[in-house]
Amino acid sequence: MTAALISWGKGRRAAAAIGAVSLGLVTLSACEKPTALATVTVGSSTVTAEATPGCDGNGKELSRKAVAACITKKGGKTITVHPGEKVRVGVDPEVAKSGWIVIGAGPVMREPSKQTYRSFDADTLFMQQNPQTGQTTYTKDVTLQVAELHDGDGPTTMWHFTLKQKD
């Protein structure tokens with residue numbers, strides 16, 4: 001009888017150990033790589049955002065359809081900007097390594113940046129140029145888009161922020 005109790009105790013300990021290992025593996029498999037962040041700072045105000053839903057290719061270039069949908073998205077976290085202020089945009093070092101660009105009311109950067117942050121004049125971000133007449137106008141609010149590029153080509157991830165101009 002004693003032998004039966006001893007072997008039953010060993011079996012129970014073995015089952016408990018297998019259960020603990022299984023639970024640990026399930027927990028580890030549920031962990032996902034955290035998404036990269038983009039940050040916009042104006043004066044002493046800062047907003048940080050994860051990639052816009054539907055605009056994260058997980059390191060792979062977004063499809064043309066996804067890019068078209070992401071470019072037309074509006075919104076994101078909002079920050080107020082006074083005329084003449086500097087707008088600072090920052091990205092994670094891994095994003096900087098790939099290269100990234102900023103788009104305001106129109107293209108803002110001539111080529112992708114490999115730096116972790118860049119500064120822009122607010123007036124440049126709110127400036128729109130009519131492609132037919134060449135006339136420049138300014139908007140009161142703009143969706144600022146930050147895009148990580150895949151080897152300098154198409155975007156892999158996009159973040160959206162709303163800049164509101166304060167009079």
Side-chain angles (χ1 to χ4, degrees), residues 26-131 134-167:
V26 168
T27 303
L28 286 175
S29 67
C31 293
E32 293 182 20
K33 180 181 173 188
T35 60
L37 301 175
T39 303
V40 175
T41 302
V42 178
S44 61
S45 300
T46 300
V47 291
T48 301
E50 290 184 346
T52 302
C55 300
D56 187 357
N58 293 317
K60 296 180 181 148
E61 195 171 328
L62 294 170
S63 69
R64 287 183 186 260
K65 185 178 179 180
V67 171
C70 291
I71 287 175
T72 60
K73 286 190 179 197
K74 300 286 183 201
K77 293 194 176 181
T78 302
I79 192 163
T80 303
V81 182
H82 291 41
E85 278 191 304
K86 291 282 186 194
V87 176
R88 293 168 186 83
V89 179
V91 297
D92 286 348
E94 289 299 314
V95 173
K97 198 181 295 184
S98 297
W100 59 283
I101 59 169
V102 171
I103 303 166
V108 179
M109 299 170 68
R110 293 184 184 162
E111 58 188 52
S113 177
K114 297 278 187 173
Q115 300 172 336
T116 55
Y117 92 98
R118 296 279 305 265
S119 294
F120 304 93
D121 292 321
D123 299 336
T124 304
L125 298 173
F126 288 93
M127 188 184 329
Q128 284 184 316
Q129 189 168 19
N130 184 323
Q135 183 178 5
T136 301
T137 58
Y138 293 90
T139 63
K140 287 286 186 190
D141 64 332
V142 66
T143 298
L144 183 76
Q145 299 174 16
V146 179
E148 177 183 11
L149 302 178
H150 180 265
D151 297 326
D153 294 330
T156 58
T157 308
M158 294 180 75
W159 298 262
H160 291 73
F161 299 89
T162 299
L163 303 180
K164 291 202 176 275
Q165 194 171 42
K166 181 81 172 183
D167 292 330

**Item:** Pro83 vs Asp123 side-chain heavy atoms within contact, under 4.5 Å
**Value:**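 A side-chain contact exists here, since the closest heavy-atom pair is under 4.5 Å.
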**Request:** Flag the pair Leu163 / Leu125 as yes when at least one side-chain heavy-atom distance between them is below 4.5 Å, and no otherwise.
**Result:**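 With C-beta onward as the side chain, the pair touches.
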**All salt bridge (Lys or Arg N to Asp or Glu O under 4.0 Å) counterparts of Lys97, not counting sequence neighbours** =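 Only Glu94 meet the salt bridge (Lys or Arg N to Asp or Glu O under 4.0 Å) criterion with Lys97.
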Who passes side chain to side chain contact (heavy atoms under 4.5 Å, CB included) against [X], sequence neighbours left out?
| X | answer |
| --- | --- |
| Lys164 | Thr78, Asp141, Thr162 |
| Ser113 | Trp100, Met109, Gln115, Arg118 |
| Thr157 | Ala51, Asp56, Glu148, Trp159 |
| Asp92 | Ala36, Leu37, Val95 |

**Request:** Begin from the C-alpha positions of Thr143 and His160 and carry the test side-chain hydrogen bond (donor to acceptor under 3.5 Å, both in side chains) through to its verdict.
**Result:** CA-CA 6 Å; Thr143 298; His160 291 73; over 6 Å; no
Separation of [Y] [atom2] from [X] [atom1] (nearest 0.5 Å):
| X | Y | atom1 | atom2 | answer |
| --- | --- | --- | --- | --- |
| Thr136 | Asn130 | OG1 | CG | 9.0 Å |
| Tyr138 | Gln128 | OH | CD | 11.0 Å |
| Gln145 | Ile101 | CD | CD1 | 8.5 Å |
| Leu149 | Lys114 | CG | NZ | 8.5 Å |
| His150 | Ser98 | NE2 | OG | 8.0 Å |
| Ser119 | Arg88 | OG | CZ | 5.0 Å |

**Asked** Of Val40, Val87, Thr46, which meets side-chain contact (heavy atoms from CB on, under 4.5 Å) against Ile79?
**Response**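 The residue from Val40, Val87, Thr46 that satisfies side-chain contact (heavy atoms from CB on, under 4.5 Å) with Ile79 turns out to be Val40.
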Nearest non-hydrogen partners of [X] and [Y], listed with the distance:
| X | Y | value |
| --- | --- | --- |
| Thr139 | Gln165 | O-OE1, 3.4 Å |
| Ala66 | Gly54 | CB-O, 4.5 Å |
| Thr48 | Lys77 | O-NZ, 2.8 Å |
| Cys70 | Leu62 | SG-CD1, 4.5 Å |

**Asked** Which is it for Val146 and Val91 under the side chain to side chain contact (heavy atoms under 4.5 Å, CB included) test, yes or no, and what are the steps along the way?
**Response** CA-CA 9 Å; Val146 179; Val91 297; 3.9 Å; yes
**Request:** Could you walk me through whether Leu144 and Val102 pass the side chain to side chain contact (heavy atoms under 4.5 Å, CB included) test, one step at a time?
**Result:** CA-CA 7 Å; Leu144 183 76; Val102 171; 3.3 Å; yes
**Message:** Main chain of Pro53, side chain of Lys73: is a donor-acceptor contact present, judged purely on distance under 3.5 Å?
**Reply:**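 Confirmed, Lys73 side chain pairs with Pro53 backbone.
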**Request:** Please report the C-alpha distance between Val89 and Tyr117 in whole Å, then the side-chain angles of each, then the deciding distance to 0.1 Å, and finally whether the side chain to side chain contact (heavy atoms under 4.5 Å, CB included) criterion is met.
**Result:** CA-CA 5 Å; Val89 179; Tyr117 92 98; over 6 Å; no
**Request:** Sort and list the pairs that fulfil disulfide bond (SG atoms under 2.5 Å apart) and have at least one residue in residues 94-126, not counting sequence neighbours.
**Result:**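 Sorted pair list comes back empty.
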